[in-house]
Amino acid sequence: MLNQVPEAVVWAIFFLPLGSFAVISLAALLSVGGAIRWNPKLSGYITVAAIAVAFLFSLWVLDSVLQEDGRPIGFASHEWVRVGDLTVNIGLTADGLAAVMLIVVTSVSLLVQFYSQAYMHGDPGYSRYFAFMSLFTASMLGLVLSSNILQLFVFWELVGLCSYLLIGFWFYRDSARRAATKAFVVTRLGDLGFLSAILLIWTQTGELDIARIQELALTGAIGSSVIAFFAGGVFAGAAGKSAQFPLHVWLPDAMEGPTPVSALIHAATMVAAGVYLVARLFPVFAVSEEAITTVATVGAITAIIGALLGIVATDIKRVMAYSTISQLGYMMMGLGVGGFVAAIFHLFTHAFFKALLFLGAGSVNHATGTFDMRKMGGLARYMPVTFIATTIAALALVGVFPFAGFWSKDEILANAWKDQPGIFWTALAAVFLTALYVGRMLFLTFGGEYRGGEPSEHGDHSAEPHESPWVIALPLVVLAALSVGAGFVNLTDGFEHLLGGSLPQEARELQTESGFSFGIAAGSVALGLAGLGVAWLVYGLRRVRSEDVREALQPLPTVLERKYYLDDLYEGVIVKGVVMGVVVWGLGLWDRYVIDGLADGIGAFARTSGERLRLAQAGQAQVYGAAIFIGVVAAIAAILLANP
Amino acid sequence: MNLDWSLLAPEYVLAGWAAMLVSVDLFWGRLRKDWLGYLAAAGALASTLTSLIWLNDDTNFANLIEVNNYTTFFRVFFGLIGVFACVASARFVKDRLLHPGEYYALILLTVIGGSYMAAARELLTAYISLELLSFSLYVLTSYAKFDLRSNEGGLKYMLLGAFSSAIFLFGMSLIYGVTRTTQFEGIHEVLTGDTSGFELTLFLGLVLIIAGLGFKVAAVPFHMWTPDAYEGAPLPVTALISAISKAGGFALFLKLFAMAFLPLVDDWRLFLAGLSAATMLLGNLVAIQQHNIKRLLAYSSIGQVGYLLMGIAALSADNADAASALVLHLAGYVISNLAAFVCAIIYFNWTEKDEIADYDGLAERAPFLALALSISLFSLAGMPLFAGFVTKFILFQAAVEEDLLWLASIAVFTSFVSLYYYLVVVKHMYLGEPEEPTRFPTPWVEYAALAVLLIGVFLVGLGPQPLFNAVQDSTAFIFTGAEAAATVGAGP
């Protein structure tokens, strides 16, 4: 046990990766100007070192928080700006929830950066990559540590901005560009709700401090409709970031970024932010029946639709992306049924096995040069380390005893069982579907015969696939160990204790209490194994031809392959049709053609009235003048009508 | 009556400097060629420094022009706009325009006009200052003598400007007819004492004044001149219009409505709120369609005017927050917008191109320029870290405080829309293929000016307190003055 962590050290957790970003960007700028010679390898070293130290500091924070039983360590807040009645303080939150998140973010980020050194080797944007990754990590850490909701929002947006830069990292690909913009715009759409919620809560309570907002919500000082709207707005933001239905569409496309970026986005940073936000404001959600039910329902829907999509995807990274969507649905569902601890526990274990799955996919790509599972097969023989690690992660994802996912998923199920049967059965169905797509992924990738041989995104790999170098393999092994071990941290309720302490006293009672239920655990494991079994029959033994299944289930597979037609709806109908087509085009027409059209009419008259006016594009000026005049008359009419 | 002529010293400096620039241009050809722009910038800076003499003073010249923190703030603000406009023009003027002496002299005159718009305490002075500003800008807009678009833009701007000036003047005369005074405080006094209710003449006057000022700041539906004038004017002039004509317009708008018309706030609040909503929506939605960077910035600046109008709509007698928020956002907007324009100017100087598609791959050819333009645009969109986020947030919350949640929601929504079209530019710069992979040369002076503006963007974004304190000091008097007048008016 160490001394209590000083404030400066907690700040350092955020500033270390930020500093790494600053140093690398500065060095890159200077070396472009020719002022210094910069070995890109240094960028990787600096990033890994900065995040490693941040990880150690996070452990210190965890240690201190453990001594406090998860209750927040009191740090003074600092006035940032005072504007009339509006005072914005910035400060740090260090409690059980923050400590767990810090560990998740720094550890996963550390392993990902380490892995990236090999994965990104020789990329012309090597330094840029590490600069962005540092900033990405720093923003997420800042988000976790924020004690003020406006401060949190700043980092929230910064996380979004970084994801834009990283998803579009390989900008010479058209698909990467589109994916980056899509991710940014869709998540910003949710942020509209978040920002409105902040404005609303400030006007209603005059508070932006998260702890104070929780307190006011718990004591009933805020009206229930205000809480419902506030929670709804916050959830809109969270749904955007955490890819909840119907804002989940950006996440699969975000695969266009380099694979380690996907690992970081899916496991620890971007998508975890939404779940974290809802968890952070759990007391506010918990006091509002409407809000908490919405969270549970949206979570359940997301869990199912994500899992269904995972079954038809052919790109290994897309399978994982749908799996993330589905698992995030689980976490939201866990929060929605009052399982605060269960949801964060699942976030915790999911971070490790999902990072492992992605890094495993990256390793496979490193060897085969493709992400298309139809061009893989038989890789178990060539890449034993990757195979075993991925299998462990897969079993953890399915929730097979004793892997990490089993423990956390089981807690969510147990919480749902208490009094939300609808949610419970949906979740159970999702367990089966999860097992199905995981099994399919495993058998297609590692089973059977090798079907590939194409150049990859970095270099030629047309020869036989081979195991990846140790820099890639080591993080896989570490994550595999965590995917087995992370589930045991709550065996003696230590984790629950730590997290529970971060809630205010009154809010602890709003949680759903549930013990370990052997029936549920056995049932869900059995379902998971059944799903794996079905996948084995179809994709392993090939006793049942998958084409036959596809035919038998029509039109469901087609709907799934078209992603429920949501992309078509959003892009084709809403964006192109309604927004661009009708509104913008209409306004543009108004400004250009109605006004100019009038101008042509008057212009015909004006043309006869002198050369001088012809210069002024024949009459437009008069029409503009007429518009001003009409505006004035309309205004006067409006005022007269309003004041009879 | 106080006839202390020395109170006008910063404007003497500017006027004298303007005259000097013209004669230098005439008699000293070599200096003219390379250094005139920087000389003009020095003049603007000198007047800025001079105006600091009256920091925290509160006095006035013949009851026409007052010198207090509000005036000082805007003198400094406009002076600095002048500095950046001159520096940004230097190369452009040298390569492309004739008669640089008059060009810079006119820029300095716009600074005088703007400053007096903020300093005026009665209607006629305000009107004359407005005309001084406007006429200088009409000439500057059509300064590219052999460019038809420039001529056309300038002529249109002038014709419509004259039209709107007439409207403004007519409104003023109606107000004078009712209140029998042109003094802001006097009008306030009469309006406070008058309890006879709705009076047609008064409201007619008010609407006409709003229309006249609405034209100057480019509020919908009085905005039509903006895209043409922006596109036609030489780029540095466009930058100047977007900065000083809007800032000057709002300096007067705010003062007039906070000092003179505040007693009628319940009657004009909804009207201005509606104007604000229409302006935000039209500006930001039409901006999506633009393919030219100047037109894009023109429509985006119309959108920004919508936000600023929200500050006027949120004015109230017992709360000075909206006024401060408005000035703060004005400052944030002008800094970010100038930075964006300086980037566009630098790019134009190299390539003579101003279509957005021409910005393809700029990040590879000039990393700093691309970064700077991205930062400015993100700031305009209201992204956190940059000036735009803080100033917008404070402005929005001031509106919400006056029960204008619906307006603030529209503002949040249009900010989201605006991000989309700014992102298009960023996408071209970072994700597009450059036409030719050559690197650009480094124009050190322009880059230095740009760096200063960017520091401003971050300073306001990360530590807005100092600027906000200055703004609060400057706007405080409007309300204390108005309150004093109110008590006087209620007395007998």
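Lettering follows sequence order; numbering is per chain, from 1.
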*asked:* Counting only non-hydrogen atoms closer than 4.5 Å, does B:Leu462 touch chain A with its backbone (N, CA, C, O), its side chain (CB onward), both, or neither?
replied: backbone

_Taking side chain as everything from C-beta outward and backbone as N, CA, C, O, which of these in B:Phe389 sits under 4.5 Å from a heavy atom of chain A? Side chain, backbone, both or neither._
side chain

*Does a donor on one side chain sit under 3.5 Å from an acceptor on the other, for B:Asn284 and B:Tyr420?*
no

*Where on A:Leu192 is there a heavy atom nearer than 4.5 Å to chain B: the side chain, the backbone, both, or neither?*
both

Can you give me every donor-acceptor pair (side chain of residues 153-164 of chain A, partner residue at least two apart or in another chain, under 3.5 Å) with its distance?
residue: A:Trp156; atom: NE1; partner: A:Asp191; partner atom: OD1; Å: 2.8
residue: A:Glu157; atom: OE1; partner: A:Arg188; partner atom: NH1; Å: 2.2
residue: A:Ser163; atom: OG; partner: A:Gly160; partner atom: O; Å: 2.6

*Any idea which of A:Leu150, A:Leu195, A:Leu200 has the most non-hydrogen atom pairs under 4.5 angstrom with chain B?*
A:Leu150

*Between the main-chain N or O of A:Trp202 and the side-chain N or O of A:Thr205, is there a donor-acceptor pair closer than 3.5 Å?*
no

*Indicate whether the side chain of B:Thr475 and that of B:Ser324 have a donor and an acceptor atom separated by less than 3.5 Å.*
yes

*Does the A:Thr187 side chain pair with the main chain of A:Lys241, one donor and one acceptor, at a distance under 3.5 Å?*
no

*asked:* Using heavy-atom distances under 4.5 Å, tell me whether B:Val390 contacts chain A through its side chain, its backbone, both, or neither.
replied: side chain

*asked:* Checking B:Tyr157 now: which residues fulfil ring pair (Phe, Tyr, Trp, His ring centres under 6.0 Å) with it, not counting sequence neighbours?
replied: B:Tyr138, B:Trp225

*asked:* Taking side chain as everything from C-beta outward and backbone as N, CA, C, O, which of these in A:Leu165 sits under 4.5 Å from a heavy atom of chain B? Side chain, backbone, both or neither.
replied: neither

_Using heavy-atom distances under 4.5 Å, tell me whether B:Leu275 contacts chain A through its side chain, its backbone, both, or neither._
neither

*So which of B:Phe396, B:Phe393, B:Phe368 has the largest heavy-atom pair count under 4.5 angstrom toward chain A?*
B:Phe393

